[in-house]
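As the structure lists them, so they are numbered: ligands from 1, and atoms in each ligand from 1.
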Amino acid sequence: MIIKPKTRGFICTTAHPEGCRQNVQEQINYIKSKDPIKGPKKVLVIGSSTGYGLASRITAAFGCGADTIGVFFEKPAEEKRTATAGWYNMAAFEEEAKKAGLYSKSINGDAFSDEIKEKTIELIKKDWGKVDLIIYSLAAPRRTHPKTGEVFNSVIKPIGKPYTNKTVNFHNGEVSEITVDPATEDEIRQTVAVMGGEDWEMWIEALKTAGVLADGVITVAFSYIGPELTHAVYKNGTIGKAKEHLEASAKNITNFLKDINGKAYISVNKALVTQSSSAIPVVPLYISLLFKIMKEKGIHEGCIEQLYRLFAERLYANTLLLDEEGRIRLDDFEMREDVQNEVARLWSSVNTENIEETTDIKGYREDFFKLFGFGLPGINYDEECNEKVDIPNII
Ligand code: NAD
């Protein structure tokens, strides 16, 4: 099949296996270029196929030499359809891990279900006995509750009143004003049910009850705060409510793990182009400005740089730096005063005419297509390639 990008809004419905392989390889090369980390040896990553979860799995395997199990929800290729990018990423990861002599297995299915939790636990029992680190990195539009069967949908909306601000169509650079209506009480409840911490707590409870958590186990989930400018639609909006719930879950989990000296952390990460963040209004324009400023200052990072810092300079460093709320902050460079002052200064003047010079919209677009394996050097996108790729060690 000759595979080209096909976009529908902020979704790309095709993915390129060779491009995805190269993405994974680039991240592995980055980690191998850094000092090895004295870290965990058995790592479970829930949501391991793209974004922050993928970078977590790569850092654990190639930075710490850890055995990994990845859980994700991806689709293989079907007639006339490519597989999803995460599918190709996991195929490339499994092959590279095997070459490096590392244990790695993948579980494809709904992580919110009891069935996938049971499958994962069985595998840990059979192959490892215990797990040292669990990264919880799900970003999902919906969740079926495993006990009640209720289907929740998450929305990204402000709370209380409508929110109007600038946004960009990153495909054509058109800047326009967007108004997002406030969420209803039920939409808030559903978003918290999808992106809050209930499922994270369910995972940890199931793992602990099965006796597969090592003494001193660590678990981490990711959050985002961002600047004032995005607060209405993020921090103070429906997703922010879900993140508050996630933070409360971290405290519940730490309590629950006391007897085995376990700890749950929230890591507040940097805004990056992922399949999830491109769906949030206003955020792509903010990211385009942020990237330009951070690149100019030489402090720009992608998922893999963030994850290396999380492992090497936070979780497995001699002292673990936390903010006053007990959170890990990897958004320290993004939130620097000089960076945010510059974003705020440029925000008011950015428009369709000056977007290319004022922002790094070009970098945003490149990162977006790269998520799906497009635009990588050395790949001939006019050539036939085999879209039917198997993931070794998939369960
Ligand atoms: P992503 O969309 O790149 O990855 C989501 C992962 O979840 C994928 O591996 C996907 O397969 C998996 N997944 C989704 N639904 C699933 C299901 N039902 N069962 C099993 N797996 C499922 O997302 P991301 O941007 O890396 O986000 C991960 C976390 O990081 C989220 O909590 C997000 O809020 C947080 N975060 C993201 C940013 C950002 O800018 N992207 C910044 C800070 C924090």
May I ask you to list the atoms of ligand 1 that are less than 4.0 angstrom from any heavy atom of [X]?
X: Gly51; result: 3 (O), 26 (O)
X: Ala140; result: 15 (N)
X: Gly47; result: 6 (C), 7 (O), 9 (O), 12 (C)
X: Thr274; result: 3 (O), 24 (P), 25 (O), 41 (N)
X: Phe112; result: 18 (N)
X: Ser49; result: 8 (C), 9 (O), 10 (C), 11 (O)
X: Glu74; result: 10 (C), 11 (O)
X: Ser223; result: 43 (C), 44 (C)

Would you mind checking which non-hydrogen protein atom is closest to [atom], with the distance to 0.1 Å?
atom: atom 40 (O) of ligand 1; value: Leu272 N, 2.8 Å
atom: atom 2 (O) of ligand 1; value: Ser276 OG, 2.7 Å
atom: atom 13 (N) of ligand 1; value: Leu138 CD2, 3.8 Å
atom: atom 27 (O) of ligand 1; value: Ala139 CB, 3.7 Å
atom: atom 19 (N) of ligand 1; value: Ala111 N, 2.8 Å
atom: atom 28 (C) of ligand 1; value: Ser137 OG, 3.2 Å
atom: atom 16 (C) of ligand 1; value: Phe73 CB, 3.7 Å
atom: atom 3 (O) of ligand 1; value: Thr50 OG1, 2.9 Å

| field | Aromatic Phe333 / basic Arg309 pairing, under 6.0 angstrom, 45° off normal | value | yes
For ligand 1, is any non-hydrogen atom under 4.0 Å from [X]'s backbone (N, CA, C, O), its side chain (CB onward), both, or neither?
X: Asp110; result: both
X: Ala221; result: neither
X: Ser48; result: backbone
X: Lys243; result: side chain

Taking a cutoff of less than 4.0 Å between a non-hydrogen atom of the residue and any ligand atom, is [X] in contact with ligand 1?
X: Gly109; answer: yes
X: Ala271; answer: yes
X: Lys270; answer: yes

So [X] and [Y], would you call those rings parallel, tilted or perpendicular, with 30° and 60° as cut-offs?
X: His16; Y: Phe374; value: perpendicular
X: Phe311; Y: Tyr316; value: tilted
X: Tyr224; Y: Tyr234; value: perpendicular
X: His171; Y: Phe368; value: perpendicular

| request: Assess whether side-chain contact (heavy atoms from CB on, under 4.5 Å) is satisfied between Leu213 and Ile204, documenting all intermediate values. | output: CA-CA 9 Å; Leu213 296 181; Ile204 301 302; 4.2 Å; yes
| Selected option - heavy-atom contact closest to atom 37 (C) of ligand 1, from Tyr52, Tyr224, Phe222 | Tyr52
| query | Between Ile395, Asp127, Ile124, Asn393, which is the residue that forms a side chain to side chain contact (heavy atoms under 4.5 Å, CB included) with Ile69? | reply | Ile124
| note | From the list Val155, Ile156, Asp186, side chain to side chain contact (heavy atoms under 4.5 Å, CB included) with Thr191 holds only for Val155
| said: The test is side-chain contact (heavy atoms from CB on, under 4.5 Å); show your working for Arg189 and Glu185 and say whether it passes. | reply: CA-CA 6 Å; Arg189 179 185 73 88; Glu185 279 306 314; over 6 Å; no
| task | Work out which heavy atom in Glu95 is nearest to a heavy atom in Pro392; give both atom names and the distance. | result | CG-CG, 3.9 Å
| field | Least distance between heavy atoms, Asn108 atom then Ile394 atom | value | CB-CD1, 3.8 Å
| task | Examine the side chains of Lys32 and Asn29 and answer whether a donor and an acceptor come within less than 3.5 Å of each other. | result | no
| said: Less than 3.5 Å apart, any donor N or O on the side chain of Ser223 or Glu247 sitting next to an acceptor on the other? | reply: no
| Student check: side-chain heavy atoms of Pro281 and Tyr163 closer than 4.5 Å | no
